[in-house]
Student: 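Below: one structure in structure tokens.
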Amino acid sequence: MITTRRKLLATAALSALPFPARAARDFVDSAGRRIQIPDRIQKVFGAGGPAAIAIYSLRPDVLAGWPRPPYPEERPYIAPVARDLPEVGLITGRGDTLNLENLLRAAPDLIIDFGSVRDTYVSLAERVQERSRISYALIDGRFESTPKALRMLGDLLDARARAEELAAYAENLFTRVDKLLATKPESQRPRVYLARGPNGLETGLKGSINTEIIERAGGQNVAVSNDGRRGIANISPEQLLLWDPNIVITWDRIFFANLAQKKDPLWQNIRAVREGRVYLAPTAPFGWIDRPPSLNRLIGLAWLAHVLHGADFPLDIADEARRFYRLFYQVDMSEAQLSNLLAWADGRPPALVRPR
Amino acid sequence: MTSVLSPAHRRARWLILLALCASSAIAGFALTVGAYPVTTEAIFRSLARLVSGQEPGDMQERVLMTIRAPRVLAGLLIGAALAASGAAYQTLFRNPLVSPDVLGVSAGAGLGAVFGIFLSLPIFFIQLFAFAGGLATVAVVALIATSIRGRDPVLVLVLGGVVVGALAGAAISLIKILADPYDQLPAITFWLLGSLSSIRQNDALAILPAVALGLVPLILLRWRIDVLSTGDEEARALGLPAGALRALVIACATLMTASVVALAGVIGWVGLVIPHIARMLVGPAFSRLLPMSLALGGGYLVLVDTLARSLARIETPIGILTAIVGAPFFIWLLWRGRNDAA
């Protein structure tokens, strides 16, 4: 009698442990941390925007939610299974908006962070994992390591075949661009400025994860700091005149619309504006060139290489976009959706409706 | 009485004139500094064209006329306005530790701007929101102060400002959390740090009427504000309506601060430190403190802004520099004050 009760108690205690008793296998993440992955993965938490997109691309069925609910113009380009997922907040990034108790209540099998693997994020992962008892994997999200990251994610999320398919797309695209770059010595690469913010004077400095797509697509980012600063900065109009970029890219529709009105004399003095070489990158469902820096940049890479090099990088953008959206987002775009998207990439975006 | 004050007054007049010259020299120097190479001849050419009403000719002249000169002029205006508001507040509250944002004008303007950024509005509306936010916040503080009677009105005002300012700060934090971390959060951060980098041709002109509207009454009433600084009782004894006068000074200083903050973002410390330096030079009488603060404030802000745009290729937000320069100076002031008291 007593032994039975004791046995029962022991079983109850064991099953009450939050950590899955049958941790199936080990996994080594990009930071070299060995973590345990449960046998079956049904719910995965993205630590931030880039991670959510990476998880969505591989297994939309296990994504726990978005850092913010998708805007109306983004929704049609997200597969129905993930379109209405709840807002779950961020773990990393500026401003933690996630309550650990909410995380525990949601009880994901796994947390993934996708982006730069820095000590800050490693220690954050360790801390969250220790307190929540949920395995926390860090995957290196630099653009260059996209194929590798996809395969790691495939392994992590039990989606190896799909990961292989996506990685092959990325590798193929990188090879195509590499061929182009081989014919373009540094001196022949256009000088590109990424305009951010409503007045366009905010930019991503060279060396930041936000602008690495410029170099990858065969451009030179004009915004080089001389004091070791990276990341996002405000620059002075004089400095912009001095840089005098050949090409301006942006995803800010307010800035783009202002520029089209030709009212600001500063911008009229910039070569790219005079020569009509200002390009607007779509942001549905996610940004093409950044915002956030994740797998979504692959379609932007093809687009930007074509924008920068024209006929030297032949591209049927309609075909490429259709293929990419089908492959990564599992969305079969209707003709109307596709033409809206292409019009956006051609400088005719949908009206801005913000927020929520 | 007048004959006793006279030498000090004369000395102050010379000092103010000297400060004006120094500020003008700084502004002239600032015109020659910048990322884009501009020769001294181009500066004089631009000046000649300006006088004869011609459009700028080459790129150098265009940089000067559309970017650099507007920025220097705006710097003069913003610095002068912030310093004047600070001087008015410090005199009004009889407290050298208050700054123009003591009644929450900066926090309110910040909230307005941040909300505008959050709604993805064009810049003009962001500035309008900032202006309205600054005015509205001080109006709320004034309302609180007038509805609470039977306490020291100045104390209630300052405490009301602290409370409402903190509330606005909390609202800013809330919007930051809700904002898009990739688009809006950097814009919000930069706005709250203040910058003159996006100032264009007519921006300074646009806020000039508002600044003038705030400044002219202060100049006209400078003697009465002096009397007010001796205390409500004394003012009333001399037949001055203390409450009404105080309300007017607050309205004027708020109008000035709100309009410059709407244009350039939150720039701290200028309104706190400059009146102090001015007081060291010409004494506490508002009739001398105000012109001295105006003269010093403009030059000081242009100087710091020139640093902000020339320290490195990528600009340093000016709010960071005014704090770095202002904070140690303030500590020195405190230290010096301790010696005086001892």
Side-chain angles (χ1 to χ4, degrees), chain A residues 48-49 67-68 71 89-90 93-97 196-205 210 223-244 251-255 257-258 263-266 268-269 283 286-287 290-293 352-356, chain B residues 33-38 55-56 59-60 62-68 70-71 116-126 173 175-191 193-201 265 305 308-318:
Chain A
R68 63 155 170 82
Y71 295 137
L90 300 167
R94 288 178 255 192
D96 261 12
T97 53
R196 300 174 49 118
N199 62 15
L201 291 174
E202 211 180 286
T203 193
L205 301 177
N210 307 89
V224 183
S225 83
N226 57 355
D227 57 3
R229 253 191 284 176
R230 297 187 303 177
I232 295 165
N234 246 349
I235 60 142
S236 78
E238 281 187 41
Q239 188 59 58
L240 184 64
L241 279 175
L242 215 55
W243 283 331
D244 205 19
W251 65 79
D252 196 295
R253 283 176 268 173
I254 295 178
F255 167 69
N258 282 348
K263 274 193 193 142
D264 193 333
L266 163 72
Q268 297 313 310
N269 286 325
T283 52
F286 318 112
D290 184 24
R291 188 186 179 274
L352 194 67
V353 187
R354 289 285 152 78
R356 288 159 229 206
Chain B
V33 179
Y36 200 93
V38 174
E55 288 288 304
M59 199 60 203
Q60 287 193 25
R62 238 174 296 163
V63 167
L64 262 174
M65 298 311 292
T66 62
I67 297 172
R68 208 178 286 172
R71 185 168 177 167
I117 296 170
F118 180 63
L119 295 178
S120 293
L121 295 179
I123 296 173
F124 173 76
F125 289 99
I126 293 174
S173 302
I175 295 180
K176 274 176 145 178
I177 277 178
L178 295 175
D180 187 320
Y182 294 99
D183 284 0
Q184 298 169 334
L185 203 52
I188 289 174
T189 309
F190 286 129
W191 201 93
L193 290 174
S195 171
L196 304 189
S197 79
S198 55
I199 283 182
R200 292 301 153 65
Q201 264 166 313
D305 183 49
R309 61 194 171 90
S310 57
L311 274 182
R313 200 178 290 156
I314 309 303
E315 292 219 0
T316 314
I318 191 167

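Chain naming here is simple, since letters A, B, ... match the order of the sequence lines and numbering starts at 1 in each.
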Student: Arg313(B) side chain to Val224(A) main-chain N or O, any donor-acceptor pair under 3.5 Å?
Tutor: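 Yes: the side chain of Arg313(B) pairs with the backbone of Val224(A).
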Student: With chain B as the partner, which of Pro237(A), Gly197(A), Ser225(A), Pro293(A) has the greatest number of non-hydrogen pairs under 4.5 Å?
Tutor: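 Of Pro237(A), Gly197(A), Ser225(A), Pro293(A), Pro237(A) has the most heavy-atom pairs under 4.5 Å with chain B.
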Student: Examine whether an atom of Leu266(A) lies under 4.5 Å from a heavy atom of chain B, and if so say whether it belongs to the side chain, the backbone or both; otherwise answer neither.
Tutor: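 It is the side chain, since no backbone atom gets that close.
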Student: Using side-chain heavy atoms (C-beta onward) and a distance below 4.5 Å, is Glu315(B) in contact with Ile235(A)?
Tutor: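 Sidechains of Ile235(A) and Glu315(B): no contact.
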Student: Run the side-chain contact (heavy atoms from CB on, under 4.5 Å) test on Ser120(B) and Arg253(A) for me, step by step, so that the C-alpha distance in whole Å, both residues' side-chain angles and the decisive distance to 0.1 Å come before the verdict.
Tutor: CA-CA 10 Å; Ser120(B) 293; Arg253(A) 283 176 268 173; over 6 Å; no
Student: What part of Leu242(A) lies closer than 4.5 angstrom to a heavy atom of chain B: side chain, backbone, both or neither?
Tutor: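 Contact with chain B: backbone and side chain both.
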Student: Please state whether the side chain, the backbone, both or neither of Arg62(B) comes within less than 4.5 Å of a heavy atom of chain A.
Tutor: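 Side chain only.
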Student: At a 4.5 Å cut-off on heavy atoms, which part of Asn234(A) comes close to chain B: side chain, backbone, both, or neither?
Tutor: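 Both parts, backbone and side chain.
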Student: What part of Gln239(A) gets within 4.5 angstrom of chain B, counting heavy atoms only: side chain, backbone, both, or neither?
Tutor: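 Contact with chain B is through both the backbone and side chain of Gln239(A).
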Student: Taking side-chain contact (heavy atoms from CB on, under 4.5 Å) as the definition, give me every residue that meets it alongside Ala257(A), ordered by chain and number, with sequence neighbours left out.
Tutor: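 side-chain contact (heavy atoms from CB on, under 4.5 Å) check on Ala257(A) returns nothing, list empty.
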Student: Under a 3.5 Å distance rule, please check whether Glu238(A) uses its side chain to pair with a backbone N or O of Ala35(B) as donor and acceptor.
Tutor: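 Answer holds: yes.
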Student: Heavy-atom distance under 4.5 Å to chain B: side chain of Leu201(A), backbone, both or neither?
Tutor: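 Interface part for Leu201(A): side chain.
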Student: In chain order, what residues pass the salt bridge (charged side-chain N to carboxylate O under 4.0 Å, His left out) check against Asp290(A), with sequence neighbours excluded?
Tutor: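 So Asp290(A) forms a salt bridge (charged side-chain N to carboxylate O under 4.0 Å, His left out) with Arg196(A).
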Student: Looking only at heavy atoms and a cut-off of under 4.5 Å, which of Thr203(A), Asn269(A), Asp227(A) has the most pairs with chain B?
Tutor: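 Maximum pair count with chain B is reached by Asn269(A).
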Student: Given a strict heavy-atom distance threshold of 4.5 Å, which part of Asp264(A) is in contact with chain B: side chain, backbone, both, or neither?
Tutor: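 Answer is side chain: those atoms of Asp264(A) sit under 4.5 Å from chain B.
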Student: Answer yes or no: does atom CZ of Phe125(B) have more than 12 heavy-atom neighbours from other residues, nucleotides or ligands under 6.0 Å?
Tutor: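 No.
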